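Quick notes on the structure that follows.
Bear in mind the structure is a predicted one, so any value in this text is a computation, not a measurement. Every heavy atom of this structure was used, including side-chain atoms; hydrogens, water molecules and symmetry mates were not.
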Amino acid sequence: QVQLVESGGGLVQAVGSLRLSCVASGRTFSTYTMAWFRQAPGKERENVAAVSATGGTTYYADSVKGRFTISRDNAEKMVYLQMNSLKPEDTAVYYCAASGSRRLGGAYDYWGQGTQVTVSS
């Protein structure tokens with residue numbers, strides 16, 4: 001069982017930056033694939049970035065490539081999403097998620113409560 005708690009969301013102007021953090025509980029964090037999803041009003045939930053258990057492999061949605069960076073610290077049971085050059089269309093609730101599968105694009109088993117990111121133009 002993994003519990004996830006996100007932080008770091010807020011209001012930022014376009015082209016600004018934010019860093020989201022997610023802290024996990026549970027002894028087996030280092031075995032989980034981790035990801036950040038987002039969901040904007042009226043839109044489907046989107047996997048924006050994922051990282052393998054060791055941190056050696058990452059995935060990014062085309063919409064965030066070159067602007068967002070996912071990273072993890074297994075010793076601290078943390079996963080981060082550094083978001084640069086933010087755009088109004090990045091506005092959404094961002095969720096941290098964990099998967100017992102090695103597939104970065106697979107199903108995710110555990111979810112945080114979400115943190116709101118709002119980018120003003």
Donor-acceptor contacts, no H, no angles, side chain residues 24-31, under 3.5 Å, sequence neighbours left out:
{"residue": "Ser25", "atom": "OG", "partner": "Gln3", "partner atom": "N", "Å": "3.2"}
{"residue": "Thr31", "atom": "OG1", "partner": "Thr28", "partner atom": "O", "Å": "2.7"}

From CA spacing to verdict: side-chain hydrogen bond (donor to acceptor under 3.5 Å, both in side chains), Ser63, Glu46: CA-CA 10 Å; Ser63 57; Glu46 173 188 24; 3.2 Å; yes
Minimum heavy-atom separation for [X] and [Y], please, with both atom names.
X: Leu20; Y: Trp36; value: CB-CH2, 3.7 Å
X: Asp90; Y: Ser85; value: OD2-O, 4.5 Å
X: Lys43; Y: Gln39; value: O-NE2, 3.1 Å

With rounding to the nearest 0.5 Å, note down the distance linking [atom1] in [X] to [atom2] in [Y].
X: Thr118; Y: Gln13; atom1: OG1; atom2: CD; answer: 13.0 Å
X: Thr54; Y: Arg102; atom1: OG1; atom2: CZ; answer: 9.5 Å
X: Leu81; Y: Arg38; atom1: CG; atom2: CZ; answer: 9.5 Å

Verdict with supporting geometry, Val15 and Leu86, side-chain contact (heavy atoms from CB on, under 4.5 Å): CA-CA 5 Å; Val15 306; Leu86 283 161; over 6 Å; no
Single-linkage hydrophobic cluster Tyr110~Met34, side-chain heavy atoms < 4.5 angstrom: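 Yes, one cluster joins them.
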Cluster overlap Leu4 with Val51, hydrophobic side-chain contacts below 4.5 Å: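 Looking at the clustering, Val51 is in the same group as Leu4.
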Heavy-atom donor-acceptor pair, Ser21 side chain to Tyr80 backbone, under 3.5 Å: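 Checked: no pair found.
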Any donor-acceptor N/O pair, Thr69 side chain to Gln82 backbone, under 3.5 Å: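 Not at all, since once roles are kept as given, no pair shorter than 3.5 Å links the two residues.
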Check: [Y] and [X] side chains under 4.5 Å, non-hydrogen atoms:
X: Met83; Y: Arg19; value: no
X: Val48; Y: Tyr60; value: no
X: Ile70; Y: Val79; value: yes
X: Arg45; Y: Trp111; value: yes

Residues Cys22, Val5; criterion side-chain contact (heavy atoms from CB on, under 4.5 Å); working and verdict: CA-CA 5 Å; Cys22 173; Val5 178; over 6 Å; no
Tyr108/Phe37 under ring-ring contact (aromatic ring centres under 6.0 Å, His included): CA gap, chis, key distance, verdict: CA-CA 10 Å; Tyr108 283 77; Phe37 286 75; 5.2 Å; yes
Stepwise side-chain contact (heavy atoms from CB on, under 4.5 Å) test for Gln116 and Thr91: CA-CA 8 Å; Gln116 176 71 46; Thr91 295; 4.0 Å; yes
Chi angles and distances behind the side-chain contact (heavy atoms from CB on, under 4.5 Å) call for Arg67, Lys87: CA-CA 10 Å; Arg67 301 188 298 122; Lys87 305 175 181 180; 3.8 Å; yes
Tyr94 and Phe68 aromatic ring geometry - parallel, tilted or perpendicular at 30°/60° bounds: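 If you compare the ring of Phe68 with that of Tyr94, the planes turn out tilted.
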